[in-house]
Amino acid sequence: LLNEYLELRPEDHRVALYLAIAQLELNQMDQAEHNFQRAQKDPDFKQQAEWYQALSYLKFKQQGRAKLMLEHIVSQGQHFRAKKANDLLNQLGG
């Protein structure tokens with residue numbers, strides 16, 4: 001249903017974020033990544049989408065990509081998950 005809704009309202013980045021999280025849980029990496037990137041276009045959802053995208057990279061064992069996204073989050077300073085991202089980077093050895 002979320003896919004159908006987004007076909008009618010492609011500008012609804014909130015729904016793109018929720019769909020991406022659902023796709024992440026369903027192990028649909030490519031679709032989730034697409035929708036996380038889509039949600040990042042909206043300043044209201046950018047930080048959440050970045051955080052979940054980093055987690056998706058970890059889930060699918062893409063450590064290099066996860067580290068890059070976590071470093072990006074940390075570099076923003078004001079990101080709502082900057083501290084958690086830094087903690088994860090330390091755990092990953094980077």
Side-chain angles (χ1 to χ4, degrees):
L1 291 175
L2 293 175
N3 279 317
E4 291 174 16
Y5 177 85
L6 279 175
E7 284 181 26
L8 298 172
R9 296 203 157 158
E11 74 288 348
D12 194 335
H13 299 108
R14 172 184 49 101
V15 172
L17 177 61
Y18 294 137
L19 176 58
I21 293 169
Q23 291 166 326
L24 173 60
E25 288 300 313
L26 295 170
N27 296 320
Q28 298 173 347
M29 172 63 182
D30 292 337
Q31 296 94 327
E33 183 173 17
H34 170 76
N35 284 307
F36 283 132
Q37 290 173 353
R38 192 175 183 175
Q40 288 175 37
K41 293 177 184 175
D42 188 320
D44 291 335
F45 304 106
K46 182 175 179 20
Q47 290 186 1
Q48 295 94 329
E50 290 172 339
W51 173 248
Y52 282 107
Q53 187 169 9
L55 295 180
S56 73
Y57 291 146
L58 289 173
K59 179 177 181 173
F60 293 104
K61 302 185 184 348
Q62 296 182 359
Q63 270 197 329
R65 293 177 85 185
K67 284 183 179 182
L68 287 174
M69 182 61 78
L70 292 169
E71 288 168 353
H72 170 73
I73 290 169
V74 170
S75 74
Q76 293 180 50
Q78 299 294 353
H79 196 287
F80 86 111
R81 288 287 190 215
K83 183 181 179 338
K84 186 70 174 167
N86 193 52
D87 293 344
L88 278 174
L89 277 171
N90 288 332
Q91 289 175 16
L92 294 171

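Values in this document were obtained by computation on a predicted structure and should not be read as measured data.
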Q: Quick one: are Gln31 and His34 in side-chain contact, heavy atoms under 4.5 Å?
A: no
Q: Less than 4.0 Å between a side-chain N and a carboxylate O, is that true for Lys46 and Glu50?
A: yes
Q: Go through the steps to decide whether Arg65 and Glu33 satisfy the test salt bridge (Lys or Arg N to Asp or Glu O under 4.0 Å), and finish with yes or no.
A: CA-CA 12 Å; Arg65 293 177 85 185; Glu33 183 173 17; 2.4 Å; yes
Q: Return the OH to CG distance between Tyr18 and Leu2, rounded to the nearest 0.5 Å.
A: 10.5 Å
Q: When rounded to the nearest 0.5 angstrom, what distance separates CZ in Arg81 from OH in Tyr52?
A: 7.0 Å
Q: Is the shortest side-chain heavy-atom distance between Ile73 and Asn86 below 4.5 Å?
A: no
Q: Answer yes or no: is there a side-chain heavy-atom contact under 4.5 Å between Asp44 and His13?
A: no
Q: So with a 6.0 Å cut-off around CG of Leu26, is the heavy-atom count from everything else above 12?
A: yes
Q: Tell me yes or no: between the side chains of Gln40 and Gln53, is some donor less than 3.5 Å from an acceptor?
A: yes
Q: How many angstroms lie between atom CD of Gln28 and atom OG of Ser56, to the nearest 0.5 angstrom?
A: 12.5 Å
Q: Shortest non-hydrogen contact from Ala49 to Ala39?
A: CB-CB, 3.8 Å
Q: Step through the shown structure and confirm whether more than 12 heavy atoms of other residues, nucleotides or ligands are within 6.0 Å of CZ on Phe45.
A: yes
Q: I need the minimum non-hydrogen distance between Val15 and Tyr5, along with the two atoms involved.
A: CG2-CE2, 3.5 Å
Q: Should the heavy atoms of other residues, nucleotides or ligands under 6.0 Å from CZ of Phe60 be counted, would the total exceed 12?
A: yes
Q: Between atom CG of Leu70 and atom NZ of Lys84, what is the distance when rounded to the nearest 0.5 Å?
A: 10.5 Å
Q: Please examine the side chains of Glu11 and Arg9, heavy atoms only from C-beta on, and report whether any two atoms are closer than 4.5 Å.
A: yes
Q: I'd like to know if Lys83 and Asp87 make a salt bridge, using a cut-off of under 4.0 Å between side-chain N and carboxylate O.
A: yes
Q: Show the nearest heavy-atom pair for residues Ala54 and Ala66, with the distance to one decimal.
A: O-CB, 4.0 Å
Q: Side-chain contact test, heavy atoms from C-beta onward, threshold under 4.5 Å: evaluate it for Trp51 versus Met69 and give yes or no.
A: no
Q: Is there a side-chain contact between Asn27 and Lys59, using heavy atoms and a 4.5 Å cut-off?
A: yes
Q: In the single-linkage hydrophobic clustering (I, L, V, M, F, W, Y; side-chain heavy atoms under 4.5 Å), do Ile21 and Phe80 co-cluster?
A: yes
Q: Is it possible for you to say whether Tyr57 and Leu55 belong to one hydrophobic cluster, with membership spreading through side-chain heavy-atom contacts below 4.5 Å?
A: yes
Q: Test your reading of the model: is there a side-chain donor-acceptor pair from Asn35 to the backbone of Arg38, 3.5 Å cut-off?
A: no
Q: Please name the pair of heavy atoms, one in Val74 and one in Leu89, separated by the smallest distance, quoted to 0.1 Å.
A: CG2-CD1, 4.0 Å
